[in-house]
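Numbers for residues simply follow the sequence, beginning at 1. Atoms considered below: every heavy atom in the structure, side chains included; atoms not considered: hydrogens, waters and symmetry mates. Since we're looking at a predicted model, the values are computed, not measured.
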Amino acid sequence: VQLVESGGGLVQAGGSLRLSCAASGRTFWRYAMGWFRQAPGKEREFVAAISGSDGSTYYADSVKGRFTISRNNAKTTVYLQMNSLKPEDTAVYYCAQASTSYYYSGVRFDYWGQGTQVTVSS
């Protein structure tokens with residue numbers, strides 16, 4: 001399995017970015033996908049996830065109402081639309097593919113991308 005993120009960059013506070021993650025290697029629609037982030041000196045944290053079976057979405061409280069995760073199974077791509085960005089959103093963002101179709105807290109993510117940097121200036 002290969003996951004390739006794109007779309008990161010530098011943006012001013014209040015701006016928007018859309019991250020993409022192109023997946024290959026196993027049947028995409030069968031697996032939940034997630035986005036995580038890691039800021040300097042901090043642990044990696046969950047951002048959002050989307051189930052493969054029914055497209056149910058889940059968000060960290062810190063991004064709820066500002067970020068939207070979506071997927072296009074035909075293009076085997078998952079997206080993260082990030083609006084109203086804040087300096088505290090600055091991090092390396094990673095996409096990951098879960099071991100199951102449904103997302104639940106604690107689910108194992110088997111595969112990870114290389115990450116894309118998002119920097120939000122104040």
From Ile50 atom CD1 to Ser70 atom OG, the distance as rounded to the nearest 0.5 Å
6.5 Å
At their closest point, which heavy atom of Asn83 faces which heavy atom of Ser16, and how far apart are they?
OD1-OG, 2.9 Å
CZ/Arg30: more than 12 non-hydrogen atoms of other groups inside 6.0 Å:
no
With a 4.5 Å heavy-atom cut-off, do Leu19 and Val118 have their side chains touching?
yes
Taking the side chain as C-beta and beyond, is there a heavy-atom pair between Ser20 and Glu5 under 4.5 Å?
no
How long is the gap from NZ on Lys75 to CZ on Phe28, to the nearest 0.5 Å?
12.0 Å
Run the numbers on Val92 and Arg37 for side-chain contact (heavy atoms from CB on, under 4.5 Å), then give the verdict.
CA-CA 5 Å; Val92 177; Arg37 66 187 182 186; over 6 Å; no
Indicate the atoms forming the closest heavy-atom contact of Arg71 with Gly52, along with that distance.
NH1-CA, 3.3 Å
For Ala91 and Ala39, work out which heavy atoms get closest and say how close.
CB-N, 3.8 Å
Distance, nearest 0.5 Å, that separates CE of Met33 from OG1 of Thr77:
9.0 Å
Is Arg18 close enough and on-axis enough to Tyr79, meaning under 6.0 Å and within 45°, for cation-pi?
yes
Nearest non-hydrogen partners of Ala32 and Ser51, listed with the distance
CB-CA, 3.9 Å
Hey, what do you get for CG (Asn72) to CH2 (Trp29), rounding to the nearest 0.5 Å?
15.0 Å
As a quick check of understanding, evaluate side-chain contact (heavy atoms from CB on, under 4.5 Å) for Leu80 and Val78, giving each step before the final call.
CA-CA 7 Å; Leu80 185 69; Val78 63; over 6 Å; no
Quick one: does Gln97's side chain get under 4.5 Å of Val1's, heavy atoms only?
yes
Passes ring-ring contact (aromatic ring centres under 6.0 Å, His included), Tyr31 versus Tyr111? Steps please.
CA-CA 11 Å; Tyr31 299 95; Tyr111 299 99; 8.5 Å; no
Go through it in stages, so that I can follow the logic: the residues are Ser99 and Val107, the test is side-chain contact (heavy atoms from CB on, under 4.5 Å), and I'd like the CA-CA distance, side-chain angles, deciding distance and then a yes or no.
CA-CA 7 Å; Ser99 57; Val107 69; 4.2 Å; yes
OG1 of Thr119 to CG of Asp89: how many Å apart, nearest 0.5 Å?
11.0 Å
Any side-chain heavy atom of Glu88 within less than 4.5 Å of one from Thr90?
no
Less than 4.5 Å apart, any side-chain heavy atom of Ile69 and any of Tyr59?
yes
Candidate pair Lys64 and Asp61, rule salt bridge (charged side-chain N to carboxylate O under 4.0 Å, His left out), full reasoning:
CA-CA 5 Å; Lys64 204 171 291 183; Asp61 288 343; 3.1 Å; yes
Minimal non-hydrogen separation, Arg66 against Leu85, with atom names:
NH1-CA, 3.9 Å
Considering residues at least two apart in sequence or located in another chain, which fulfil the ring-ring contact (aromatic ring centres under 6.0 Å, His included) criterion with Tyr103?
Phe46, Tyr58
Distance under 6.0 Å and angle within 45° of ring axis: Arg44 vs Trp112
yes
Here the pair of heavy atoms bringing Ala96 nearest to Phe36 is CB-CE1, 4.2 Å
Membership question, hydrophobic clusters at under 4.5 Å side-chain separation (ILVMFWY): are Val63 and Tyr94 in the same one?
no
Run Tyr93 and Gln117 through side-chain contact (heavy atoms from CB on, under 4.5 Å) and show every step you take.
CA-CA 6 Å; Tyr93 283 71; Gln117 176 70 46; over 6 Å; no
